[in-house]
Amino acid sequence: MRTGLAVMTAALLTVLPATPALPRTATPVLSATTAPVLPGRTAPAPVLAGGADVAPVDLDALFVGAHPDDEAFSLSTLGQWHEDHHVRTGVVTVTRGEGGGNAVGPEEGPALGLLREAEERTAVAKAGVREVFNLDDVDFYYTVSSPLTDQVWGGDTLAKVVRIVRQTRPEVLLTMGPAPTPGNHGNHQQAARLAIEAFYAAADPQAFPEQITREGLRPFAPARLLTGGGRGTSRTGQDCAATFRPANPAENVYGVWSGRASAQGATWAAVERAAQRAYASQGWAVFPDVPTDPAQLGCDFFTQVDTRVPVPEPGTPAATAPTAILDGALTRPAGTVPLGTLFGLRPSTFDVRPGTAFTVKVTATAPPREPLGRSSAALRVPEGWQVRGSGDLGRLTPGRTGSATFTVTPPQGGGDRARVAATLTTERGRGYTDRQVELSPAVRGAQQPLPQVAQYEKWAAEVGVPQLRGLVTPVLTLPSGGSRQVGVVVTNVGDTTRSGTVRLDLPAGFTASRTEAPYSDLPAGESTTVPFTVTNTDPSLKTSNEGGDYAYTITTSSGADGADVSRPALELVPATAVPGAASAPVVDGQGGDHPGPALDISRLWEGTACSSAADCSGTAKVTWHDDTLYLLVEVKDDVLGTRLPAADCKRHWRTDAVEVTVDPRGASENTSTTFKAAVLPVTAEGPPCFLRDADSRQGPGEETAPGMRVAAKVQAGGYAVEMAIPMALLPSAVDPAHLGLNILVYDSDTQDKTGQTRIGWSTWGGVQGDPYRWGVATLPGYRPPADRPTTPADPVIPSTALSSLDSPQSLEQAVRVHVPLAGGPAAQASRSGRVVAATRGQGSVKVTLRAGAPGTAHVFVRDDRGTAGSRVVTVSRKGGTTVTVPVNRALGAGPRVVAGWGSGTGTAVSQVALR
């Protein structure tokens, strides 16, 4: 989905230091506080696959991502686990990345999805991963919105993830980051949220009960749940895990060093890099070599979200070992309790208050076939906290559960996250587990969240993972030299009505309409918003990612148990007044008749910094006349990238391009209600071309933006692009006082369809998907037509994805591992179809199918070189059917026919050798 440049940037940021998600179904998703604890290692349940009762593959670990390549920066770890401990890992890929670019050919849509699936299977195989479960959801475009992703994917995706977890029964569940941190792909956020929800829902017999009552599956509780990456710092080298210092000391972050040697004759980092290069369509084939010195190689980091089993104690050698994530679930360090032991800790509340007691329940369950004997638990809390209660768990015979409840009282003062831990002592070994709590006063004040952040925090509360709150620094944007209202949300988490004050302490260059304001009679459990108007009084302050983040302090007092202090930020974005032109500028690429100031579009946004102004820099002028917006963009560029054919005028980040983004009302949550157009200044045929991407309507410019005009002039040292955009093309009427605007330049100095540098006007990581971080423009004197709607029209979003029935590799995997296609149910045996025989012919293969009911057969002739022929056959009646499948070449070794069957009741797969 992402370009190689964007992937590298996101990966580095992660390692070094987003339509409501719920409810999805009529059945509840179990929260972390009430999930039943079920033994992880039980016999796998039978599942219908190909019309027979067979056990599906039993996995040890499962990674859940959104696109092919999302697992690519974890392959060093997965490969080590496989080589050293025979860990069998599968990968769930929600989409096949059909919305991404293609650096190797013209394929797009389903054809690109088939290509990217093949790349993924090649890549993960280098780490010993064979199973890739594609869910057939559509990949549309780069967005940073999880709600939009959820809307496009639909409400059945969670059911598909839960079904695969129940079928494959992995002890360890890995995924991506669920929070709308800046630049985090909305598809990645949503895939992570699905994985987290599935960790609880798969164990709950009330969640998706039809999978249990109709399909013969059983509830299954994975042992451990982790997200990729870790917030903090670390050194490279063999001690990268031991030297990691988390930003949140109460988090459990585990590292697996990539510098260890593999049996493939290279470090695991080098094996991972070779795997990443398999993603040639995404421009990854040009990724540089990793350092040959292992001391320069770092760790893959993973952050624990939840666990049902004992884990290594932080600060011990076991917690920094390569097996730390597997311990308690798949591996057993010396002296610890037997595998299959469950050990959990549940505070009565996540939000704890100074001087106010809360309870902690500790529960231990012996493995189904092994006793723990006399057992006890002890609670560990931060210094100064008080603990009361007995930890006696009794004698734990096989399968028996014992519990103990403690009362904990934090001291007055202090704050932030804290770790509450429990140790287990038994006759068969010891164990450790812990939980985070948040200590703060009864009344809290926080800067009003962005809509996606508010939705994320609501999701975390509903799913029961409050430890995932607060991962996004609260920010609000402010136009340079402008004003905005800033609301402080005051929440009473205490048990009595409170009154108090809110005070703002702003940095130099900012003022507020008032520095302190009261709130009164706020009931327990309620929130209120205290408004302030904040102004940037010094427009010379830096904007964007050149230093435009300005932290300030909110102090909320209630006169009870201390003041609450938070540190949000205001982000300055550039601002301009767009002048009206007396006459319409001529759109010819020559420029010269555009009034108004020249906007600096040379700020680095992503990728490699420009080596000089001649390498990449630029200015832009914007004006309006009548009902049309005019832009002149002049770019210095000493080396032009690939000249794409005009017929390939799409995915503009692959070469040199100029993109203009317009948010008509300046209030869009995501780009589906904006206008984004890109111009390639030159094509293989010569003239420029233009397109729309990742907005309310995507596609070739002539089709999606009729009436828009572009021109370009390319000369030594750079190029100029002119655009005329009728404002009637925008998804809603313009607000002349607050137009969201950005101008971005994509720079490529190679001929391999990859970009290296991105610069622009308002620049932040992932800014192309973040309308709130675009610059602000006013249009003095402009008035939109009175009949133009101010509510955006419904966006047009791609909805075509490759079906697994049309993927022979997916079909062959389903035959091998007995897991139905695309996370869906298996067809009823009596109503499915299958291939029963296949014989060679002259330039063709004769295939005999037997069907229990009408359906569609997707038939592929395969050998060791891939697909030699295929055909889709509609079968209108039950019984036998013979079809001829043409082949386009001579067959090689291992000839066979694989077929997928689709009907209203599910899918089935079958395979026969070719006679």
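The residues of the chain are indexed from 1 along the displayed sequence. Note that the structure is predicted; figures quoted are calculated from it, not measured.
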Counting only N and O atoms by type, is there a donor-acceptor contact under 3.5 Å from the side chain of [X] to the main-chain atoms of [Y]?
X: R231; Y: P246; value: no
X: R435; Y: L345; value: yes
X: Q189; Y: N184; value: yes
X: S499; Y: D521; value: yes
X: N742; Y: G775; value: no
X: E571; Y: T477; value: no
X: T175; Y: V64; value: yes
X: T349; Y: V352; value: no

Partner of V530 by side-chain contact (heavy atoms from CB on, under 4.5 Å), out of V490, V486, T501: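 Only match with V530 under side-chain contact (heavy atoms from CB on, under 4.5 Å): V490.
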
What is the distance from atom [atom1] of [X] to atom [atom2] of [Y], rounded to the nearest 0.5 Å?
X: L572; Y: N536; atom1: CG; atom2: CG; result: 4.5 Å
X: T303; Y: I325; atom1: OG1; atom2: CD1; result: 9.0 Å
X: S527; Y: Y519; atom1: OG; atom2: OH; result: 11.5 Å
X: F140; Y: N187; atom1: CZ; atom2: CG; result: 5.0 Å
X: L604; Y: N545; atom1: CG; atom2: CG; result: 6.5 Å
X: T515; Y: L504; atom1: OG1; atom2: CG; result: 7.5 Å

Kindly determine whether F510 and Y550 satisfy ring pair (Phe, Tyr, Trp, His ring centres under 6.0 Å), including the steps that lead there. CA-CA 9 Å; F510 295 86; Y550 295 90; 5.3 Å; yes

side-chain contact (heavy atoms from CB on, under 4.5 Å) partners for A250, two or more places apart: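 N248, R417, R419, Q436.
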
Looking only at side-chain N and O atoms, does [Y] offer a donor or acceptor that is under 3.5 Å from a partner on [X]?
X: T243; Y: S234; result: yes
X: E669; Y: Y772; result: no
X: T157; Y: D137; result: yes
X: E526; Y: N492; result: no

Is there a side chain to side chain donor-acceptor pair (under 3.5 Å) between D300 and S74? Walk through the geometry before answering. CA-CA 6 Å; D300 294 341; S74 299; 5.6 Å; no

Can a salt bridge be assigned to the pair E197 and R193 using a cut-off of 4.0 Å between side-chain N and carboxylate O?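 Between R193 and E197 there is no salt bridge, as every charged N stays at least 4.0 Å from the carboxylate O atoms.
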
Under a 4.0 Å threshold between the charged nitrogen and the carboxylate oxygen, would R773 count as salt-bridged to D663? no

Heavy-atom pair of closest approach, residues [X] and [Y]:
X: A446; Y: I554; value: C-CD1, 4.3 Å
X: Y142; Y: G183; value: OH-O, 3.1 Å
X: V144; Y: Q452; value: O-OE1, 2.9 Å

Are Y254 and F301, when compared by the centres of their aromatic rings, separated by less than 6.0 Å? no

Which residue pairs pass the salt bridge (Lys or Arg N to Asp or Glu O under 4.0 Å) test with at least one member in residues 466-482, sequence neighbours excluded?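 Every pair satisfying salt bridge (Lys or Arg N to Asp or Glu O under 4.0 Å) with a residue in residues 466-482: D351-R469, E438-R469.
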
Per the salt bridge (Lys or Arg N to Asp or Glu O under 4.0 Å) rule, what does the pair list look like for residues 494-515, sequence neighbours excluded? R353-D495, R503-D505

pair F675-P664: side-chain heavy atoms closer than 4.5 Å: no

Flag the pair V489 / T491 as yes when at least one side-chain heavy-atom distance between them is below 4.5 Å, and no otherwise. yes

Worked verdict on S672 versus S696 for side chain to side chain donor-acceptor pair (under 3.5 Å): CA-CA 4 Å; S672 70; S696 60; over 6 Å; no

Which word best sums up how the rings of H185 and H188 line up, parallel for under 30°, tilted for 30 to 60°, or perpendicular for over 60°?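 Tilted, since the angle between the ring planes falls between 30° and 60°.
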
